Amino acid sequence: MSHGSTGAGGRSKGLVLTAMIFAVAMTFIDQTIVAIAAPTIQHALGLSSSGIQWAINAYLLTLAALFAFGGRLADIAGHRRMVVLGVIIFAGASALCGATQGSGAAAEAWLVASRALQGAGGAIMFPAAIAIVVVTFDLHSRGRALALFFGLAGALTAVGPIVGGQLIAWNAQWGWRAIFWINIPVALIALALIAISKPPNESRPAPMDYRGLALIVAGVGLSVFGFQQATQWSWSNPGVWASIAAGVVLLIVFFAVEARTESPLINVRIFRNQTFTVENIIIGTASAAFIPVFFFTALYGQIALDEKADTASLLILWFFLGSWWPRRSAVGCWTGSGPSCRWCSAACWPRSGSGCGPARRPT
């Protein structure tokens, strides 16, 4: 079956796929494009070293903490509706980031809050977009569609530093604002394609697990806060360890509560599958090393090596050349066949088996 074929309701599957790629493109670009502009943003707004780190981490923190909530909300309220809402929130937050005024603490608070709102928009949009691709394509063509989805969208992660570097080189005063505003035309294209293609809006009304939501948000938030403040407070400060320990305890409580919840935020019983659990530990560890590379490579290139932003961006590009093929191989997971399944097991786990391909029972 070709990707351009027409499915139920007369909708073009290829157009639906294109719409979803444009929708999530912003989240992929934003993972790296901001990192290359970090030194320029810090200088322009007079941010502290901790402040610029929070500007980077606030986005990733809310994206991770609310991802499971976004997936569950999409199942309940409708996938297309949540993609549209997520795109609007993300684009609006991007506009707020670029409109940051003043300097010092006020500018820092504005930028960090806007970045956190971006992450929330991404958490609402991304799992719903995956679910739409899965629902739109049958099992035979789903693997190829998801290969295009993650391949093209993931390639934009490598494009981010290059675009960011060129924008900064173009105009140091406005270029850093443009790295946020570039999301707005992408969002408008995504919304137009969604309106034209009319993706499926499947929903399954169910109670929302607010108790689980509170536990996972608090657990992730406290853990990240402890690690973030360690550079300022020092590792010998009891507050750092107390924050990390409290976050870990809350996450343990979250898993215990979810196992006994009838309609959980995350179906934690899938972790009884030892292979699945080990794969997620490996991928989680790799991601913990992968994400910081963007930030510190950008700083190293522009501060330690005294390179311009457009030249420093190439350092990150070389890193992507080594990681591109494993990302491309991830699609095997979606069809349930082939050794490439192991590459993307972590991509599905926040969902309750409803939006990330065919659900599998733990063995």
Side-chain angles (χ1 to χ4, degrees), residues 28 31 60-61 63-72 123 126-127 130-131 133-134 139 142-143 146-147 149-151 153-154 157 209 212-213 215-224 226-227 244-261 264-294 319-320 322-363:
F28 280 93
Q31 290 182 38
L60 297 173
L61 174 60
L63 180 64
L66 297 176
F67 194 88
F69 170 71
R72 188 64 174 164
F126 196 87
I130 297 174
V133 176
V134 170
L139 190 60
R142 185 177 300 156
L146 285 162
F149 178 82
F150 284 107
T157 313
D209 179 20
L213 174 63
L215 286 171
I216 194 172
V217 169
V220 172
L222 284 172
S223 300
V224 172
F227 283 110
I244 295 174
V248 171
V249 169
L250 285 174
L251 290 175
I252 293 173
V253 172
F254 167 77
F255 272 83
V257 169
E258 293 298 277
R260 299 192 300 269
T261 302
L265 196 65
I266 296 176
N267 181 12
V268 297
R269 288 186 292 274
I270 195 171
F271 287 96
R272 294 175 183 172
N273 185 317
Q274 293 183 358
T275 302
F276 180 84
T277 301
V278 171
E279 288 170 355
N280 275 274
I281 292 173
I282 293 172
I283 295 175
T285 304
S287 297
F290 184 82
I291 297 297
V293 168
F294 307 146
F319 177 77
F320 274 104
S323 64
W324 174 73
W325 181 256
R327 283 170 171 261
R328 186 172 176 268
S329 301
V331 68
C333 171
W334 303 97
T335 57
S337 62
S340 57
C341 175
R342 66 192 61 185
W343 285 103
C344 71
S345 57
C348 300
W349 76 263
R351 309 301 309 280
S352 301
S354 56
C356 283
R360 301 189 181 101
R361 293 184 180 276
T363 56

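Numbers here are sequence positions counted from 1. Predicted model, so just to flag it, every value in this text is computed and none were measured.
- Considering all non-hydrogen atoms of both residues, V248 and S223 come closest at N-OG, 3.7 Å.
- For the pairing with I266, the side chain to side chain contact (heavy atoms under 4.5 Å, CB included) check across F69, F67, F254 returns one residue only, F254.
- The closest donor-acceptor contact from the side chain of E258 to the backbone of P264 lies at 3.5 Å or more, if one exists at all.
- For V253, the side-chain contact (heavy atoms from CB on, under 4.5 Å) partners at least two apart in sequence or on another chain are L215, V249, V257.
- By the 30° and 60° cut-offs, the orientation of the rings of F126 relative to F149 is tilted.
- Taking each heavy atom of L222 and A246 in turn, the nearest pair found is CD1-CB, 4.0 Å.
- Nearest heavy-atom pair across T277 and F271 is OG1-O, 2.7 Å.
- N280 CG to T285 OG1: the interatomic distance, rounded to the nearest 0.5 Å, is 10.5 Å.
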*Can you list the steps and then say if L66 with I216 is a side chain to side chain contact (heavy atoms under 4.5 Å, CB included)?*
CA-CA 8 Å; L66 297 176; I216 194 172; over 6 Å; no
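- In this structure, R72 and L265 approach most closely via the heavy-atom pair CB-CD1, 3.8 Å.
- Between G71 and P127 the shortest heavy-atom distance is N-CG, 3.5 Å.
- Closest approach of V217 and A65 over heavy atoms only: CG2-O, 3.9 Å.
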